[in-house]
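Take a look at the structure below.
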Amino acid sequence: MSEFDYDLFVIGGGSGGVRAARVAAGEAGAKVALAEEDRYGGTCVIRGCVPKKLMVFASGYAGVTEEAASFGWNIEPGAFDWPAFQQRLHAELDRLEGVYRKLLAGSGVTAYDARARLRDPHTVELSTGETVTAKHILIATGGRPVRPDMPNAHLGIVSDDIFDLEKLPETILIVGGGYIACEFACILNGLGVKVTQYYRGAQILRGFDEEARGLIAESMCENGIDLHTGTNIVEMHRVADLGENGSDGMGAPVEDVQFGGAATTDTPGGGPIRVKATNGAVNDFDMVLFATGRRPNTDDMGLGELGVALGRNGQIEVDEYSQTGVPSIFAIGDVTDRVNLTPVAIREGMAFVETVFHGNPTPVDHALIPSAVFTQPEFGTVGLSEEAAREQEPVEIYCTSFRPMQTAFAGKPDRVLMKLVVSRQTRKVLGCHIVAPAAGEMIQMAGIAVKMGATKEDFDRTVAVHPTMAEEIVTMRKPTRTA
Ligand code: NDP
């Protein structure tokens with residue numbers, strides 16, 4: 001008989017926590033419990049990747065009738081019905097949450113619908129008043145979006161709120177230049193919202209390959225997004241709260257104020273928001289979305305008291321086996337702020353089970369992780385950007401940009417970019433960057449080759465699939481430049 005109630009107690013029912021619990025119970029035969037205070041499925045399923053991708057699909061139909069006309073179809077454009085879509089969206093999320101619960105129950109995991117807090121290295125207190133003990137505790141509590149620290153920031157929504165909006169705004173200001181800001185700028189633009197985006201840096205999607213970022217930014221502007229780089233919010237106020245003294249309340253005479261579209265007064269939260277930007281512009285928006293980063297969920301969990309080290313952003317510090325400085329406590333996923341992606345959290349969960357329950361110490365491999373940004377156009381990327389690779393060693397760059405057959409036929413200006421960053425010494429492909437429709441699907445395949453250490457010559461030996469966009473990735477013969 002074990003001295004503990006459970007072999008493993010998992011805190012957090014998102015992708016990483018559920019996978020670890022399920023595999024530890026189902027495959028390793030451990031006695032496992034899991035606590036989730038909100039909905040099972042976590043950020044990815046309930047308020048992240050899944051609903052976001054369904055919105056990407058919804059928004060992708062915007063130009064379809066126009067394009068279809070070029071291919072001989074006679075289809076009348078229709079209007080987007082947000083409530084109808086939203087109803088189906090939430091039904092799907094409910095279904096998926098049910099699947100997650102079922103998977104846990106099917107693996108023999110005891111689920112507690114409660115908030116959990118650590119009392120000591122082996123004891124968890126639940127908000128239901130129960131106390132349970134476990135040999136190992138795995139924290140997989142994820143993260144949450146954060147607003148900037150400025151007056152009236154509460155007037156802005158965050159990404160979690162989008163899926164529950166009663167109606168779409170006519171105008172929105174999106175603040176930020178990362179994954180979430182750019183994805184929602186494209187989604188909402190496609191759904192007919194007039195989108196303005198402020199990013200404080202010189203170019204959106206910091207850290208990614210510069211040519212890819214440049215093409216995405218240009219395409220977003222061409223598609224109608226009013227993108228301002230080097231720009232941030234200075235002040236924001238609810239228009240209804242401003243005085244009626246002939247000024248805009250922000251130091252600019254009222255005739256200088258440009259009004260960003262027909263702001264309505266019945267939008268969620270109580271009417272238009274007046275925003276002053278660092279470039280001096282004062283505009284009214286129905287809604288402001290802060291996509292200004294996320295913070296790990298480590299507040300009020302008793303971690304500090306136990307000596308579990310936290311980093312500057314509140315993330316749990318772990319070693320390569322996801323173990324904290326307290327040997328019985330491990331952490332995986334966004335709460336550790338390593339690579340904040342669902343499949344990475346799942347890998348970390350699997351590696352944890354392998355290490356702890358199969359006696360096979362397995363470090364998490366964070367190298368060469370392919371990922372996609374679901375902008376329009378989509379961006380798929382793996383490995384080093386040209387800029388990062390050049391810092392590391394001499395490289396050859398193979399790059400092509402062209403108008404793909406389908407949209408070119410329809411008379412659209414859309415461009416595609418394919419790029420390989422190749423080591424001059426080893427000939428290995430160090431980075432692959434694709435800006436194109438379905439780039440996420442393409443990069444999953446290219447990611448296998450890059451992860452296997454494929455050389456440029458391996459790419460060259462591969463016969464093209466014709467006629468496709470992706471064939472260009474194996475037909476670029478001459479380097480565009482060396483660096
Ligand atoms: P990011 O960290 O990617 O982006 C945050 C953005 O907000 C940056 O552009 C940052 O600017 C800006 N910012 C931060 N603070 C402020 C401020 N005070 N004022 C103005 N701007 C500010 O976070 P996201 O929330 O977009 O995404 C979080 C993570 O979620 C991503 O890193 C990714 O791992 C994951 N994710 C993945 C997706 C996918 O795989 N497709 C989709 C969505 C999220 P600066 O660049 O100057 O720091």
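Position 1 is the first residue of the sequence, and the numbers go up from there. Whatever order the structure lists them in is the order used to number ligands and atoms, beginning at 1. Values below: every heavy atom of this structure, side chains too, minus hydrogens, waters and symmetry copies.
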> What residue among Thr400, Asp209, Thr480, Thr381 forms side chain to side chain donor-acceptor pair (under 3.5 Å) with Lys419?
Replying inline: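 Testing each of Thr400, Asp209, Thr480, Thr381 against Lys419, the sole residue satisfying side chain to side chain donor-acceptor pair (under 3.5 Å) is Asp209.
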
>> So if I only count non-hydrogen atoms and take anything under 4.0 Å from ligand 1, which residues does that give, chain by chain?
In response: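 Under the 4.0 Å cut-off, ligand 1 touches Lys52, Pro148, Gly176, Gly177, Gly178, Tyr179, Ile180, Glu183, Tyr199, Arg200, Arg206, Asn232, Ala291, Thr292, Gly293, Arg294, Asn340, Leu341, Ala372, Phe374.
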
>> I'd like to check the side chain to side chain donor-acceptor pair (under 3.5 Å) partners of Glu393; sequence neighbours left out, ordered by chain and number.
In response: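 Side chain to side chain donor-acceptor pair (under 3.5 Å) check on Glu393 returns Ser423.
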
Regarding [X] and [Y], is there a side-chain donor-to-acceptor distance under 3.5 Å anywhere?
X      : Y      : value
Ser127 : Glu37  : no
Arg338 : Ser322 : yes
His366 : Glu348 : yes

>> Angle between ring planes, His228 versus Tyr198, binned at 30° and 60°: parallel, tilted or perpendicular?
In response: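 Perpendicular.
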
